[in-house]
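In this text, all values refer to a predicted model and were calculated from it rather than measured experimentally.
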Amino acid sequence: MALQSSDTAANGFTSAVRDAWLSAKYMSLFTQRSPFIKMLQLRGNIQPAGYGVEMREPLMVPVLTGPQLEGISSGYAANNPTPMTGYTSAKYALSQYAINVSWEDYEDVQATGEVEMVKWRAAHFENAIERSNNRILDDLWKAPEDANSAGIREQLASIRTFVNAGTTTATDGGASPAAQASQSKTPVCSASSSTAITLVGKIERSAAGAAYWCPGKLGTDGTSVALTVLELNDLYEEAFQAGEEPDLILMPSGLFSKITNLMTVGGGNGGQMYGESRLGKLGFSAVRFRNADIVVDRRVPASGFFAGGTTAANNHMYCLNMKHFKWRARSKKPVFKDVPSNKLIQEQLGAWYCCLTADHLGNVHSFRADLTT
């Protein structure tokens, strides 16, 4: 049963107009946080949508075909031109959402004045926007075995599908530079014996040569280790490339508590202990590790399984380079329009168009899913 007052007179329409001492505004219980969206905002990576039938991110990838740098033994040696190769695109579907908001004309008449009715209407729209934001965040963290988690018209793509291993058959095809060993690993799912989606951006990660499209995944399947600064550094290094450094590390609260403990006397591992103040300082809202902010996102899974089996993969941790993600949206929230009706109601339909895209889902990101707190 939904959260509601045991006094039926305090629910629904009467919550808006019944009492003269009504508060000025409803208190939303949709409270939550999304560091991923916040970092997109800070990076300026939220952009207008509407670029054709599909969103395309052009890619340049290592291949064995086309011109290659070769050693020359004689200036008279033939060097025939060939077409340049190694170009492709990742494609993403624009997602479309809608939400209907309505109320009876009868309620307009019942209201004791314009102020009460404005509160009731405004609450409807605020409620609709909160529900919409919640649905977007749900889809952004859908399980990677969800059939639509790579993004379709009806559903936004999932971070967990974007930043997941390909398969153990993912290879670099012999091209140079060689893919990292961590890019050919078993993906992670939420449910046991399930299979993760590997067709991302319409590029099949399990294909030969497609390891470049797989993030690095650390650890050995089924072997859990405690989170330490060394493990954190290893994860960071997997996503650290020339001119590319991760800037956001997401983890569940249990792992963040371990990080906090490591940075205090209680951790016994050194670190920042005290500030120049008569008051002792203990605890952190975020932690800076090299170039990345470590923060808690409660939607990061604390449990899971390695794909295709029943081996547990708990406490996930994502190390992301946010430069390579873009949120393409027509608006920051649903845009509403009047809907004419022959019913005795007022109706508005809200529409939201958005798409999460990535121009690099390879070794500029990394993750781990087998850590103990």
How far does [atom1] of [X] sit from [atom2] of [Y], to the nearest 0.5 angstrom?
X	Y	atom1	atom2	value
E245	C319	CD	SG	10.0 Å
I249	S366	CD1	OG	7.5 Å
R290	D247	CZ	CG	13.5 Å
Q346	E107	CD	CD	11.0 Å
N134	D138	CG	CG	4.5 Å
L248	L40	CG	CG	9.0 Å

Keeping the roles fixed (side chain from [X], backbone from [Y]), state whether a donor-acceptor pair exists under 3.5 Å.
X	Y	value
Y97	L156	yes
K337	L349	no
E145	S190	yes
S95	I152	yes
S184	A181	no
N363	Y212	no
Q241	E238	yes
Q348	V101	no
T167	T169	yes
R205	W213	yes

Give a yes-or-no answer on whether the side chains of [X] and [Y] include a donor-acceptor pair shorter than 3.5 Å.
X	Y	value
E204	T198	yes
D221	T186	yes
Q155	Q96	no

Under-4.0 Å salt bridge between [X] and [Y]:
X	Y	value
R368	D234	no
E126	K333	no
E244	K323	yes

task: Among F325, F162, Y318, find the one that has a ring-ring contact (aromatic ring centres under 6.0 Å, His included) with H365.
output: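 Passing option: F325.
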
Salt bridge (Lys or Arg N to Asp or Glu O under 4.0 Å) involving D105 - partner list, sequence neighbours excluded
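Counting only residues at least two positions away or on another chain, D105 forms no salt bridge (Lys or Arg N to Asp or Glu O under 4.0 Å).
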
So which atom in [X] and which in [Y] form the shortest heavy-atom distance, rounded to 0.1 Å?
X	Y	answer
W141	V300	CH2-CG2, 3.7 Å
T310	S193	CG2-OG, 3.6 Å
G216	S182	CA-OG, 3.4 Å
Y92	A358	OH-O, 2.7 Å

Identify which one of S149, P301, P187 satisfies the side-chain contact (heavy atoms from CB on, under 4.5 Å) criterion when paired with R160.
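Per the side-chain contact (heavy atoms from CB on, under 4.5 Å) rule, the option paired with R160 is P301, out of S149, P301, P187.
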
field: Verdict with supporting geometry, S341 and E347, side chain to side chain donor-acceptor pair (under 3.5 Å)
entry: CA-CA 8 Å; S341 174; E347 183 179 358; 4.5 Å; no

